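Nothing here was measured: the structure is a model prediction, and the numbers come from that model.
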Number of protein chains: 2
Amino acid sequence: MARVYNFCAGPAILPLEVLQEAQADLVDYKGSGMSVMEMSHRGKEYDALHNEAIANVKELMGLGDDYAVLLLQGGASFQFAMLPMNFLGEGQTADYVNAGSWGSAAVKQARLVGNVHIAADCQKDIPTRMPEAGELSWTPGAAYSHVTTNETISGAQMRELPETGSPLVADMSSDILSRPIDYSKCAMIYAGAQKNLGPSGVALVAIRKEFAAKGNIALPTFLRYQTHIDENSLYNTPPCFSIYILCLTTRWLKSFGLQNMFRQNREKAQLIYDAIDASGFYRGTAKQAFRSDMNVTFRLPTEELETLFVKQASEAGMKQLKGHRSVGGIRASIYNAFPVAGVRHLVDFMRDFEQRHG
Amino acid sequence: MARVYNFCAGPAILPLEVLQEAQADLVDYKGSGMSVMEMSHRGKEYDALHNEAIANVKELMGLGDDYAVLLLQGGASFQFAMLPMNFLGEGQTADYVNAGSWGSAAVKQARLVGNVHIAADCQKDIPTRMPEAGELSWTPGAAYSHVTTNETISGAQMRELPETGSPLVADMSSDILSRPIDYSKCAMIYAGAQKNLGPSGVALVAIRKEFAAKGNIALPTFLRYQTHIDENSLYNTPPCFSIYILCLTTRWLKSFGLQNMFRQNREKAQLIYDAIDASGFYRGTAKQAFRSDMNVTFRLPTEELETLFVKQASEAGMKQLKGHRSVGGIRASIYNAFPVAGVRHLVDFMRDFEQRHG
């Protein structure tokens, strides 16, 4: 079996150990005579996986019983709507930081529901970046304030969570559990699983119970956070197999340790940023202070060279290095499960490519 | 490997061939060097699976280009809300047939959105049943009319789709593609995949494009059917692995043939109903004309015997025969992938159990 180095921005690479365990148990899970995909979501085998997944996340995030961890469907895109539908009532204002494509997408959906104030807008800035503390303007008494902690497309990351004066909600789809951070500064954190936590098809929501209790009670039952808290994410049939893989992935992450994972993530990113900075050939697209540990974005002197770079890297077993279609360039997404060896392979390739074409 | 006979009502048994193929390709899909779970949802490998899944469903349902087949998340429970949010505007009425727990759940959510007229209510009738044609009262000019074609809990099934005079919407979660039926009588059909089509985590919606175009344009983008039509169910990251399994399952169904599947489903159900009718010991819970081919529900003389039946059946390799907690009794769910041999095994066990305890 020849595994490739998969730099895909999401769905993304999973730990090989997780895939191998899922493969071994795929047809007959632990002697149960059935696949996890075939099990009742109310049976004891699935129940154990479901609750372990939730407990792993809660422990890794360092959250107490004042928070509920939910495993939902529809990804961050659904959260863009569900969040304001629950909390942005008539006559209220929600503050949004718009620092890239995903922040901008969240704003667009919130505006379909209610009144939005942009706390800072730097989504079109080049080099790409996050706002500085001094730029941020918060609405007193806002329903909530929303940030996107890592912009997957532009490769800019928020190092610290801001002080906002209203319940802070963070879209952490592309850097959730890649680092220890004070998650309890947030009233709610959400993330599609398909970057750092597992496969697509499951979204994580960690929400302060007090905050959830303020949600709009007139919504259809499925759309209320309170429903999924009350039912432990079993109001409807959950995406069992995706949650199973999330359970295995968080188990793997726990055994590695979040602090170790963070250190390794920084090292991986730094290897590539060092290669960029040591060259006159590659040019990073994010402002230095906001360079993402998850998505390293850079340009080559010409688009022709970028196309050639992606093609030759692919031939050398490094896949999906092409930048997002909206911005071009090169993007190396190196989430938790991406191996250090793959980063070294890329850096060697970058030096070699520069020698041949620089 | 000892596979059990899994009578679970959903998530439910999958074709063994499908599981074995998924197992073989789990870590390295067809030499791509990655799992289907790790692939970009915009890459060529996943794209082929996504589009084949949609094409398979469309072909099996016999639908033309006036319909769009969508692969969404959130299951039928989300459709209970999304449907009225799109189509039940102020001053309008939607007709709902309430013939069991799922019909009732759909009604409850629609009422949170707008005005509902109950076209017929037989949800509390014992024996369980579907309404007769003469009982149904439809609202002239209704926004739509809604039926649940198979009530999974009570074991009652609608043999024919009614003529309603307004766009017909069918929740076919538990009998979708178990039989050839004129799906084009419906403006919309929806179903969680986890009974006849694949694993949980993906919901099928087949919708007439003309009907979708009438949806509420003020909703958040994710909540509009039109969005998912325009984006070919790629507006947000899809539940890739669940769709992959749905692709393999519908491929398997196509090779078997829908007419053959229907014949086999009828034969399987009839074997159990014959065993019930030949005995004075077992008592079917559904009215004869509405007995479900998917969920065969019956009672034993006492609850103690039912508990013993479930326990001894489990020891004999027949799992999940316990009826839904809300109604008790026995339920044998025998969807498309459930093997004939398992039904024969159950019928033999029923005769033996009756001899021992009758």
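Atom CD of A:Gln20 is separated from atom OG of B:Ser35 by 11.5 Å, given to the nearest 0.5 angstrom. Note that the OG atom of B:Ser40 and the CZ atom of A:Phe7 stand 15.0 Å from one another [nearest 0.5 Å]. Distance check, rounded to the nearest 0.5 Å: CG of B:Asn236 to CD of A:Gln79 gives 11.5 Å. A:Ile245 contributes atom CD1, which lies 4.0 Å from atom CE of B:Met37 (distance to the nearest 0.5 angstrom). Atom CG of A:Leu112 sits about 9.0 Å away from atom CG of B:Leu219, to the nearest 0.5 Å. The SG atom of A:Cys8 sits 13.0 Å away from the OH atom of B:Tyr46 when rounded to the nearest 0.5 Å.
With a threshold of 4.5 angstrom between heavy atoms, A:Ala22 approaches chain B through its backbone and through its side chain. Heavy atoms closer than 4.5 Å to chain A are found in both the backbone and the side chain of B:Gln23. Of the two parts of B:Pro238, only the backbone, made up of N, CA, C and O, holds a non-hydrogen atom closer than 4.5 Å to a non-hydrogen atom of chain A. Interface remark: A:Leu223 contributes side-chain atoms only to the contact with chain B (heavy atom separation under 4.5 Å). Contacts between A:Met34 and chain B at a heavy-atom distance below 4.5 Å involve backbone atoms as well as side-chain atoms. For A:Met82, no part lies under 4.5 angstrom from a heavy atom of chain B. Contacts of A:Ala24 with chain B are made by backbone atoms alone, with heavy-atom separations under 4.5 Å and no side-chain atom involved. When heavy atoms are compared at a cutoff of 4.5 Å, A:Leu72 does not approach chain B at all. For a residue to count as touching a neighbouring chain, one of its non-hydrogen atoms must lie under 4.5 Å from one of that chain's; by this rule A:Arg42 touches chain B with the side chain only. Both the backbone and the side chain of A:Cys240 have a heavy atom closer than 4.5 Å to some heavy atom of chain B.
Each of B:Arg325, B:Gln320, B:Lys108 has some count of heavy-atom pairs under 4.5 Å with chain A, and the biggest count is that of B:Arg325. For chain A, the option among B:Ser77, B:Ala9, B:Gly75 with the highest count of heavy-atom pairs below 4.5 Å is B:Ser77.
Side-chain contact check for A:Gln73 versus B:Pro239: every heavy-atom pair is 4.5 Å or farther apart. Side-chain contact check for A:His41 versus B:Pro11: some heavy-atom pair is nearer than 4.5 Å. Side chains of B:Pro220 and A:Met85 form a contact here, defined as non-hydrogen atoms less than 4.5 Å apart.
A:Gln194 contributes no side-chain N or O that, together with a main-chain N or O of B:Thr237, makes up a donor-acceptor pair within less than 3.5 Å.
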inquiry  = Show, in sequence, the C-alpha distance, side-chain angles and deciding distance for A:Arg3 and B:Glu38, and conclude whether the salt bridge (Lys or Arg N to Asp or Glu O under 4.0 Å) test is met.
reply    = CA-CA 11 Å; A:Arg3 292 267 295 168; B:Glu38 302 176 296; 2.7 Å; yes

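Using cut-offs of 30° and 60° on the angle between ring planes, the pair A:Phe241 and B:Phe241 is parallel.
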